Enquirer: 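Just dropping this structure here.
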Amino acid sequence: AFAGCAHAVGVSSGTDALQIAMMAEGIGRGDAVFLPAFTYTATAEVPLVLGATPVFVDVEAETFNIDIADLEARIAAVRKDGRLTPRAVVGVDLFGLPADWRAITAICAREGMFALDDAAQGFGAALHGKRLGAWGDAAALSFYPTKTLGAYGDGGALLTNDAARADLYRSL
């Protein structure tokens, strides 16, 4: 309710939240997953574990969040090259500063890609009056003690407004 999402699925860590979300989308070999060049290692490790290819996107100097112009350029370059299929964008909200979710979700809708919000470092923040966690197709949270919503030990969650996705996340 706090994030404005219909479903929250508890998982063991933020890394598992990222992995379960991508597994549910069938992301794997031959797929490109776009993510900011400045992020925690798990954001890039998860696509690799699934056989996909992480594609690093430059970040904005002011926020360290994904640079939308470079995202557009890298998607176009991957499509032109033809070896990978653009499948997902992982927007990472850093230091409580939201990524440009209006632009990311518009790009993902236009390109037929999955929009995954890694809100582990920004949970609680809002963008245009809408809380982080409700912007993408899903949001991954980490409850590691150093995160904005920390636990005693570790934990994580997936947030979504899509009931079918939530059911699949629970199953996985």
Side-chain angles (χ1 to χ4, degrees), residues 9 11-101 103-105 107-108 111-123 125 132-133 135-150 154-160 165 168-169 172:
V9 179
V11 297
S12 64
S13 68
T15 302
D16 281 349
L18 293 168
Q19 184 166 338
I20 290 166
M22 289 187 213
M23 287 172 63
E25 299 300 316
I27 291 170
R29 192 158 312 284
D31 293 333
V33 176
F34 300 85
L35 52 113
F38 185 82
T39 188
Y40 182 65
T41 58
T43 315
E45 287 173 344
V46 167
L48 289 170
V49 165
L50 298 176
T53 301
V55 177
F56 294 99
V57 178
D58 285 341
V59 296
E60 298 173 338
E62 304 82 30
T63 65
F64 292 96
N65 286 326
I66 202 163
D67 180 277
I68 298 303
D70 194 53
L71 173 62
E72 294 265 24
R74 293 193 189 262
I75 292 169
V78 166
R79 286 207 187 280
K80 183 178 179 182
D81 181 60
R83 289 183 287 161
L84 298 172
T85 302
R87 289 291 309 281
V89 174
V90 181
V92 179
D93 309 304
L94 284 175
F95 315 120
L97 299 172
D100 186 348
W101 282 103
I104 292 169
T105 56
I107 291 166
C108 286
E111 298 286 340
M113 297 168 62
F114 177 60
L116 178 57
D117 182 2
D118 180 341
Q121 291 284 350
F123 187 68
L132 293 180
W135 276 96
D137 296 311
L141 301 178
S142 169
F143 301 144
Y144 191 77
T146 61
K147 304 300 183 191
T148 55
L149 181 59
D154 203 352
L158 279 160
L159 307 178
T160 185
R165 273 193 175 103
L168 186 51
Y169 296 161
L172 291 169

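These numbers were taken from a predicted model, which means no experiment stands behind them.
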Enquirer: If you round to the nearest 0.5 Å, how far is CD1 of Ile104 from CG of Asp117?
Expert: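 Taking CG in Asp117 and CD1 in Ile104, the distance rounds to 8.0 Å.
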
Enquirer: Go through the steps to decide whether Val89 and Ile66 satisfy the test side chain to side chain contact (heavy atoms under 4.5 Å, CB included), and finish with yes or no.
Expert: CA-CA 10 Å; Val89 174; Ile66 202 163; 4.3 Å; yes

Enquirer: Applying side-chain hydrogen bond (donor to acceptor under 3.5 Å, both in side chains), can you list everything that pairs with Arg83, at least two apart in sequence or on another chain?
Expert: Asp81

Enquirer: Under the side-chain contact (heavy atoms from CB on, under 4.5 Å) test, which residues partner Thr39, sequence neighbours left out?
Expert: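 Only Leu35, Pro36, Thr43, Val92 meet the side-chain contact (heavy atoms from CB on, under 4.5 Å) criterion with Thr39.
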
Enquirer: Any side-chain heavy atom of Asn65 sitting closer than 4.5 Å to one from Leu94?
Expert: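 Asn65 reaches Leu94 side chain to side chain.
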
Enquirer: How long is the gap from CG on Asp58 to CG on Leu71, to the nearest 0.5 Å?
Expert: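 If we round to the nearest 0.5 Å, Asp58:CG and Leu71:CG are 10.5 Å apart.
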
Enquirer: Measure the spacing between CG of Leu18 and CG of Leu116 and express it to the nearest 0.5 Å.
Expert: 5.5 Å

Enquirer: Phe114: what forms a ring-ring contact (aromatic ring centres under 6.0 Å, His included) with it, not counting sequence neighbours?
Expert: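 For Phe114, no residue satisfies ring-ring contact (aromatic ring centres under 6.0 Å, His included) once neighbours in sequence are set aside.
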
Enquirer: Indicate the atoms forming the closest heavy-atom contact of Pro98 with Ala125, along with that distance.
Expert: CG-CB, 4.4 Å

Enquirer: Any idea which heavy atoms bring Met113 and Pro86 closest together, and the distance?
Expert: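 Result for this residue pair: CG-O, 3.6 Å.
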
Enquirer: With sequence neighbours excluded, tell me which residues meet side-chain contact (heavy atoms from CB on, under 4.5 Å) with Thr85.
Expert: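 Thr85 satisfies side-chain contact (heavy atoms from CB on, under 4.5 Å) with Asp31, Arg87 only.
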
Enquirer: Can you list every ring-ring contact (aromatic ring centres under 6.0 Å, His included) pair that touches residues 44-71, not counting sequence neighbours?
Expert: Phe38-Phe64

Enquirer: Which residues satisfy the salt bridge (Lys or Arg N to Asp or Glu O under 4.0 Å) test with Glu25, sequence neighbours excluded?
Expert: Arg165

Enquirer: Checking Gln19 now: which residues fulfil side-chain hydrogen bond (donor to acceptor under 3.5 Å, both in side chains) with it, not counting sequence neighbours?
Expert: none

Enquirer: Taking salt bridge (Lys or Arg N to Asp or Glu O under 4.0 Å) as the definition, give me every residue that meets it alongside Asp93, ordered by chain and number, with sequence neighbours left out.
Expert: none

Enquirer: Would you mind reporting whether Tyr169 and Val11 have side-chain heavy atoms less than 4.5 Å apart?
Expert: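 Sidechains of Tyr169 and Val11: no contact.
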
Enquirer: Please report the closest heavy-atom contact between Gly122 and Leu132, naming both atoms and the distance.
Expert: O-CD1, 3.1 Å

Enquirer: Do you know the tightest heavy-atom contact between Ala17 and Leu158?
Expert: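 Closest approach of Ala17 to Leu158, heavy atoms only: O-CD2, 3.3 Å.
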
Enquirer: Between Ile27 and Ala88, which heavy-atom pair has the shortest distance, and what is it?
Expert: CD1-CB, 3.7 Å

Enquirer: Could you tell me which residues satisfy salt bridge (Lys or Arg N to Asp or Glu O under 4.0 Å) with Glu111, sequence neighbours excluded, listed by chain and number?
Expert: Arg79

Enquirer: Does a side-chain heavy-atom distance below 4.5 Å link Glu62 with Leu97?
Expert: no

Enquirer: For Asp137, check side-chain hydrogen bond (donor to acceptor under 3.5 Å, both in side chains) against everything at least two apart and list the hits.
Expert: none

Enquirer: Can you list everything that forms a side-chain contact (heavy atoms from CB on, under 4.5 Å) with Leu48? Sequence neighbours excluded, please.
Expert: Pro54

Enquirer: Evaluate the side-chain proximity of Gln121 to Tyr40: yes if any heavy-atom separation is below 4.5 Å, no if none is.
Expert: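 Tyr40 vs Gln121: side chains apart.
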
Enquirer: Just jot down the side-chain hydrogen bond (donor to acceptor under 3.5 Å, both in side chains) partners of Asp67, sequence neighbours excluded, or say none.
Expert: none

Enquirer: Once you round to the nearest 0.5 Å, how far does CE of Met23 lie from CG of Leu168?
Expert: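 The CG atom of Leu168 is 8.5 Å from CE of Met23, to the nearest 0.5 Å.
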
